[in-house]
Amino acid sequence: MTPTQRLRALSERHSAHNYHPLPIVIAEAEGAWVTDVEGNRYLDMLAAYSAVNFGHRNPRLTAAARAQLEKVTLVSRAFDHDQFGPFVEELAALAGKEMVLPMNSGAEAVETALKAARKWGYEVRGVPAGQANIITFEGNFHGRTTTIISFSTDPDAKDAYGPYTPGFRTVPYGDVDALKQAMDADTVGVLIEPIQGEAGVNVPPSGFLTAVRELCTANRSLMIADEIQSGLGRTGTIFAVEHENVVPDVYILGKALGGGIMPVSAVIADSDVLGVFKPGQHGSTFGGNPLACAIAREVVAMLRTGEYQERSRVLGAHMHRRLGALPRDQVRQVRGRGLWAGVELHGPARPVSERLMDLGVLAKETHETTLRLAPPLVIERDDLDWALDQVELALQRSPR
Ligand SMILES: *Cc1c(COP(=O)(O)O)cnc(C)c1O
C-alpha cells in the first residue's frame, strides 16, 4: 500500500463521508503549490474555496501568527485584549462602516447577520413580534446550520434536516420583479451573494445589485451582502458589490479573513444595526480571539496595499481571455470575475477534475457540471498559464 492509499483508507473508515475529496493526501504547501505525501507537487486552483486567497503560508501572515503565538492566544470576550480594538477599528474602516462583530466560521457570521436583521426589525423598524421575514435567492449557499439550510434550494444540503426555521422567502437570483413581489412591510433584510460561489460562480445580470440596493432602501430592509467567498480581493476589488458601486447595509466576511490559518469571520455594519446586541444577547467563546485578530489585522493591512486586488484583476482578465477561447463543444459557458471562474461543461465535471489532478492541477467540481477555478491571488502568471494548459488538455481528453 502506498502512503496515499493507507491514509485515504483511514479517512474513509473513520471520517464521516460528508465530502467526496479527490484521492490526494497533502502534506505541505507554499504559495499556490501543495505537495502530497509521496512528494508530488500540484498547483492549487481552488485555494480552499477562497480561504487561501493570499497563498498557503503567506510569510506576512505566518509571521503575524507566530508573533502573536508568543504573546496571548485566547482570553474570551470576558476580557478585552490589545489586538481586539485595533482589529475592529481597522476592519470597520476597510468596509466604511462603524462596527464589527467577530465570529469564527462563515455560517456563524451569517447566523449573526440574520439575528441582527431580525432584532433590528423588531426594535428599530417596529415589525410586529415574530413577523419578520428575510428574503434569500435560489441557488444560495450561506453555510450549513439548521437555520441556513432552511432556505437552501439544494436538496443535498437541505433534505432530511427538518423541521426548518420559518421566516424566509426565496426568489430567483437576478429577478428584480420577483424580489419586489416578495417584499412587504415585515421584510427586514435581503441576504445576497454578490456572485453565487457554490452555485457555480453565478454572476447576476448587470444592474441587479443596484436594483436590490434600491428596493431595500425603498422598503427599509437591510441589504446583507454575504462576501464570504466573493470578498477580500477575489474579484479584483475588496468587495464584489463594488463592481456596481453598491454599498450594502451589512457585510458578512469569512474565509480569506483568516489568512488561510484560522477560521475568522465577521459581520460589519453601522451602529444602528449592530448596536441592537446588548451584553448576553449574542456571542462566541472564540470569536475575536487574539490570534484571530492578529492574523486578520494583517489581512486587512495587505488588502489596503491594493496589490492582491490588482493581481486578481490583471491575471483574472488573462484567465478569462483564455477560458473564453476554449472550444464551444467542450465548454458551454464561462462565468466569473477576477481570478474566479465557473467553467460550465456539457457533461460531468468530476472526471475532468480527476484528470486535472493526474496532470498536477487541483480544482474541484461544484454541482454536476461546473469546474470551479479560484487560484490563490499570489499565483505567478507562468504557473497560471501552465494550469490553463492542463485544463485544455483535460478537456480534450474528456469524453462528451
Ligand atoms: C463558505 C461560505 C459560507 C460558509 O462558511 P463556513 O466557514 O464554511 O461556515 C457562507 N457563505 C458563503 C457565500 C460561502 O462561500
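Every number for a ligand or one of its atoms is a count from 1 in the order of the listing.
Salt bridge status for Arg125 with Asp186: absent, with no side-chain N to carboxylate O gap under 4.0 Å. Salt-bridge annotation for Arg350 and Glu368: absent, with no side-chain N of the basic residue lying under 4.0 Å from a carboxylate O of the acidic one.
Of the protein's non-hydrogen atoms, Gly106 N, 3.4 Å is the one closest to atom 6 (P) of ligand 1. In this structure, the protein non-hydrogen atom closest to atom 1 (C) of ligand 1 is Lys255 NZ, 1.5 Å.
Other residues, nucleotides and ligands place no more than 12 heavy atoms under 6.0 Å from the CD atom of Glu28. Counting heavy atoms of neighbouring residues, nucleotides and ligands inside a 6.0 Å radius, atom CZ of Phe277 exceeds 12 of them.
For ligand 1, the polar-atom distance check against Gln229 finds a nitrogen or oxygen pair separated by under 3.5 Å.
Residue Ala107 has at least one heavy-atom neighbour below 4.0 Å for each of these atoms of ligand 1: 4 (C), 5 (O), 6 (P), 9 (O). Ligand 1 places these atoms under 4.0 Å from at least one heavy atom of Asp226: 10 (C), 11 (N), 12 (C), 13 (C). For ligand 1 and Phe141, the ligand atoms under 4.0 Å from any heavy atom of the residue are 1 (C), 2 (C), 3 (C), 11 (N), 12 (C), 13 (C), 14 (C). Below 4.0 Å from some heavy atom of Glu193 lie the following atoms of ligand 1, by number and element: 13 (C).
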Please determine whether salt bridge (Lys or Arg N to Asp or Glu O under 4.0 Å) holds for the pair Glu244 and Arg213, giving the CA-CA distance in whole Å, both sets of side-chain angles, and the decisive distance to 0.1 Å. CA-CA 10 Å; Glu244 286 198 20; Arg213 174 67 278 178; over 6 Å; no

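Within the 4.0 Å cut-off (strictly below), no protein heavy atom is located near atom 8 (O) of ligand 1.
Thr35 places none of its side-chain heavy atoms less than 4.5 Å from the side chain of Tyr42.
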